[in-house]
Amino acid sequence: MSADDSPKSTDVNRAQTTGADTVDPDEDGENHRVFWADEMADRIEERDPDEPIVIKGGVSPSGIPHLGHFNEILRGFFVAEVLRERGHEVRQVFTSDDKDALRKVPRQLADSDWNIVGLGEVNAGALGRNLGKPYTDIPDPFDDHDSYGAHFTDLLHQSAEMLDVPVDMLSNTDLYADGTFDDVVKYVLEHRDEARKILSQYQDKIDDDYVPFQAQCSSCGVLTTNITGVDVESETVDYVCEGLEAGGQQIDGCGHEGTATFREGKLPWRFEWPGQWQALGVDFEPFGKDHAEGSWPSGKDIAENFLHIQPPVPMTYEWFTLNGEALSSSSGNVVTVHEVLELLEPEVLRYFFVRNPMKAKDFDISRLDQLVDEFDRFEGIYFDDVDDESLAALADRAYPFTVDEVRENRVRLPYTFAAVLGMTDDEDLREQMARNEGHITDDTPEWAIEEAMKRVEKARNWAERLDNEYNYRLQVAMPETDFDDDVETALAELADFVEEGHSGEEIQGEIYETAKRNDVETGDFFQAGYRLFFDATQGPRLGTFLGELDATFVVKRLRREE
RNA sequence: GGGCCGGUAGCUCAGUUAGGCAGAGCGUCUGACUCUUAAUCAGACGGUCGCGUGUUCAAAUCGCGCCCGGCCCGCCA
């Protein structure tokens with residue numbers, strides 16, 4: 001590459017070469033792995049890394065942590081687990097990039113119990129006055145943590161724990177304060193001419209006055225990019241507080257002229273990221289596709305040719321969509337891990353991230369039954385209960401990483417069946433119904449029954465959240481009714497039949513027979529039944545459902561007695 | 001404009017590295033179960049593998065050219 005290449009063409013060339021090593025298969029083609037995490041682990045091992053192997057991810061704690069952020073955590077988790085299985089010591093860290101400035105006040109926040117609240121319910125004005133300041137210097141709107149940053153970092157950490165992913169949360173602010181970044185900050189500022197030169201290959205706006213540092217104003221606390229002088233000896237910079245530009249919008253500084261130490265500010269992202277790699281010894285880092293053509297090429301270049309360190313093994317992942325739309329905090333199209341775990345088990349959510357990271361997936365809440373069933377099938381393939389040639393290899397390899405413990409004899413109620421069981425609150429009845437359908441047998445161990453029944457609550461939450469065709473409630477109190485004489489007669493006959501003692505299947509048949517005998521449309525008769533038991537016009541398969549219930553209750557209800 | 005990733009059944013996705021019969025689940029339809037009522041079985045339907053072209057005995061898979069979507073090439077992460 002000639003020296004007089006324009007920045008643009010250099011950029012393009014770099015994109016070509018660096019993009020390739022995130023996507024190209026192994027050259028020899030012999031190391032194809034069915035599970036992508038194995039392939040990443042191979043590449044990490046090829047570097048002969050020091051132990052513990054460090055796997056990193058990171059986000060800024062700008063607001064409610066949503067499911068999209070868990071790409072970072074779970075992609076890293078699977079690679080970490082694979083490496084651990086291979087006998088390595090692994091440390092998974094997650095940086096909360098909490099020294100970044102708050103640029104925009106989010107529309108929604110979440111308190112420490114995951115209640116989503118609108119801006120109006122907190123002191124929005126107080127937040128707005130803190131634009132441009134590091135997240136860790138902004139008061140917690142909920143007053144239960146040291147700062148805004150600490151609040152949302154904690155939520156992020158909670159989410160990881162809900163999925164049993166052991167991560168060390170590292171506060172960037174702390175890393176600056178405790179000196180972890182000292183060496184790299186000093187190095188970057190000492191070699192700022194070189195730094196400017198290398199970054200200018202990627203960013204057009206880097207001019208001769210550019211200093212790769214953002215100082216925090218001692219007067220107003222806002223970060224400013226306007227550095228007027230650098231004293232490497234005393235490890236300070238001079239600045240004029242002009243604030244910073246963010247999202248096309250200028251956040252004003254106070255005009256204060258001051259001096260800040262190297263710890264009283266931060267590196268700009270393009271240097272901070274490679275700085276983290278160096279300071280933390282990072283061996284692997286997954287990142288979203290937005291980084292793939294943006295900060296990764298420059299970060300890799302900066303690491304290799306400026307800091308002279310080996311950049312981590314990279315992995316680009318595609319973003320997934322939520323209910324068919326892009327995840328977006330501003331439009332409110334987000335879902336938290338906390339919410340998801342009210343609807344399904346952690347292992348199912350982990351499974352969602354087992355699949356090919358390069359393909360955009362849709363997380364569709366209205367079809368969670370499908371995702372759960374898919375997981376059940378995946379599990380079945382692992383245990384050879386289900387035949388599926390195309391998925392067998394992946395299931396064999398990856399399934400064990402989705403569960404906390406591989407156990408045979410687990411029982412998985414089909415999700416929609418669990419939703420049907422959720423129509424009653426009676427836990428004994430739920431279990432009885434599961435037995436009647438053969439999902440639970442006398443050989444089923446107690447622990448498996450207990451675990452299986454947990455899904456009922458989740459499926460129930462799902463039905464209620466979506467208000468879908470499973471959202472029916474067995475009515476404990478007598479609903480109001482208004483039936484024709486014919487229907488009343490038919491109900492009375494059906495009551496007699498139930499009183500005689502019959503199975504659910506027999507009752508189901510008798511419903512048709514009774515309706516015919518009394519010249520009632522079967523549809524109308526079913527509606528009467530649904531009205532009586534669910535206070536609705538539709539419901540689950542009626543006869544079999546009634547067959548599960550206490551006969552005395554059913555008879556009384558059919559006779560419309562209390 | 002340049003680049004990266006993706007595009008396979010109505011839906012969700014495997015399969016693309018190393019060319020070898022177009023696949024699964026769900027849904028739909030039909031049938032069975034004394035039965036139109038969502039939890040049971042069985043079967044069927046369902047495809048221009050985004051489009052075109054080249055290479056090959058053989059292309060979803062490899063090359064080239066297009067189309068569509070997302071992202072990057074400002075800031076920030």
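All figures in this text were calculated on a predicted structure; none of them were measured in a lab. Residue numbering restarts at 1 for every chain, and letters A, B, ... go by the order of the sequence lines.
- Between A:Phe152 and A:Tyr148, the distance from one ring center to the other falls under 6.0 angstrom.
- For A:Trp269, counting side-chain heavy atoms from C-beta on, the closest listed nucleotide (B:rA77, B:rA14, B:rG70) is B:rA77.
- Here B:rC13 presents its P atom at 13 Å from CG of A:Leu368, a figure rounded to the nearest Å.
- For A:Asn436, the side chain to side chain contact (heavy atoms under 4.5 Å, CB included) partners are A:Gln432, A:Glu548, not counting sequence neighbours.
- Nearest nucleotide to the A:Arg367 side chain, out of B:rA14, B:rU12, B:rA77: B:rU12.
- Spacing between atom CD1 of A:Ile251 and atom P of B:rC75 amounts to 16 Å, rounded to whole angstrom units.
- Under the 6.0 Å cut-off for aromatic ring centres, A:Phe534 and A:Phe545 qualify, their centroids lying closer than that.
- Separating the P atom of B:rA60 from that of B:rG23 is a span of 12 Å, rounded to the nearest Å.
- The residue among A:Gly509 and A:Phe363 whose nearest nucleotide of RNA chain B lies closer to the 5′ end is A:Phe363.
- Heavy atoms of A:Asp364 sit nowhere under 4.0 angstrom from any nucleic acid atom.
- Distance A:Tyr530 OH to B:rU36 C1': 10 Å, rounded to the nearest Å.
- Remark: B:rG46 base-pairs with no nucleotide; criterion is Watson-Crick or G-U wobble with both hydrogen-bond distances under 3.5 Å.
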Protein N or O to nucleotides 25-31 of chain B N or O, pairs below 3.5 Å:
unit_1: B:rG25; atom_1: N2; unit_2: A:Gln370; atom_2: NE2; d: 2.9

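- Taking every side-chain heavy atom of A:Pro540 into account, B:rA38 is the closest of B:rC76, B:rA38, B:rC13.
- Under 4.0 angstrom from either OP1 or OP2 of B:rG15 there lies no side-chain N or O belonging to A:Arg355.
- Checking the phosphate oxygens (OP1, OP2) of B:rA14, a side-chain nitrogen or oxygen of A:Lys361 falls inside 4.0 Å.
- A donor-acceptor contact under 3.5 Å is formed by the side chain of A:Glu505 with the base of B:rC35.
- For A:Gln203, a side-chain nitrogen or oxygen approaches OP1 or OP2 of B:rC75 to under 4.0 Å.
- If you check every strand for non-hydrogen atoms under 4.0 Å, A:Ser295 touches a base.
- Checked against the 6.0 Å centroid criterion, the rings of A:Phe353 and A:Tyr317 do not qualify as a close aromatic pair.
- A:Ile251 pairs in a side chain to side chain contact (heavy atoms under 4.5 Å, CB included) with only one of the listed residues (A:Leu131, A:Thr224, A:Leu223), which is A:Leu131.
- Rounding to whole angstrom units, CG of residue A:Leu371 and P of B:rU12 are separated by 13 Å.
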Would you give me the side-chain donor-acceptor pairs under 3.5 Å for residues 365-373 of chain A, sequence neighbours excluded?
unit_1: A:Ser366; atom_1: OG; unit_2: A:Asp364; atom_2: OD1; d: 2.8
unit_1: A:Arg367; atom_1: NE; unit_2: A:Asp364; atom_2: OD2; d: 3.4
unit_1: A:Arg367; atom_1: NH2; unit_2: A:Asp364; atom_2: OD2; d: 2.7

Step-by-step side chain to side chain contact (heavy atoms under 4.5 Å, CB included) determination, A:Asn468 to A:Trp462: CA-CA 8 Å; A:Asn468 62 10; A:Trp462 175 72; 3.4 Å; yes
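- In this structure, the nucleotide among B:rC35, B:rC5, B:rC76 sitting nearest to the side chain of A:Gln508 is B:rC35.
- Contacts of A:Gly539 with the nucleic acid, taken as non-hydrogen atoms under 4.0 Å apart, include base atoms.
- Heavy atoms of A:Glu521 sit nowhere under 4.0 angstrom from any nucleic acid atom.
- If you check B:rA77, B:rU34, B:rC76 against the side chain of A:Glu513, the one that comes closest is B:rU34.
- Comparing atom distances between the A:Lys289 side chain and each of B:rU12, B:rA77, B:rC71 picks out B:rC71 as nearest.
- Closest to the side chain of A:Lys266, out of B:rA38, B:rA77, B:rG74, is B:rA77.
- Rounded to whole Å, the separation between the C1' atoms of B:rG6 and B:rU40 comes to 40 Å.
- Taking side-chain N and O atoms only, A:Arg541 has a distance below 4.0 Å to OP1 or OP2 of B:rA38.
- A gap of 25 Å separates the P atoms of B:rC35 and B:rA44, to the nearest Å.
- The distance from atom CD of A:Glu318 to atom P of B:rC71 is 10 Å, rounded to the nearest whole Å.
- Taking atom CZ on A:Phe375 and atom P on B:rU12, their separation rounds to 22 Å, with Å as the unit.
- Checking B:rA22 for Watson-Crick or G-U wobble geometry (two distances, each under 3.5 Å) identifies no partner in any strand.
- At a cut-off of 3.5 angstrom, the base of B:rU12 holds no donor-acceptor pair with the side chain of A:Lys359.
- A:Glu39 places its CD atom 13 Å from the C1' atom of B:rU16, with the value rounded to the nearest Å.
- Distance from the side chain of A:Asp97 is smallest to B:rA77 among B:rA38, B:rC35, B:rA77.
- If you check the side chains of A:Thr173 and A:Asp98, you find a donor sitting under 3.5 Å from an acceptor.
- Pair assignment for B:rA9 gives none, since no Watson-Crick or G-U wobble pairing has each distance under 3.5 Å.
- With B:rC76, B:rC35, B:rC72 as the candidates, the nucleotide lying closest to the side chain of A:Arg103 is B:rC76.
- Taking the six-membered ring for Trp, A:Tyr472 and A:Phe533 have ring centres at least 6.0 Å apart.
- No side-chain N or O of A:Tyr239 forms a donor-acceptor pair with one of A:Gln214 less than 3.5 Å apart.
- For the pair A:Asp385 CG and B:rA24 P, the interatomic distance rounds to 20 Å; values are reported in whole Å.
- Going from the C1' atom of B:rG46 to that of B:rC26 covers 13 Å, rounded to whole Å.
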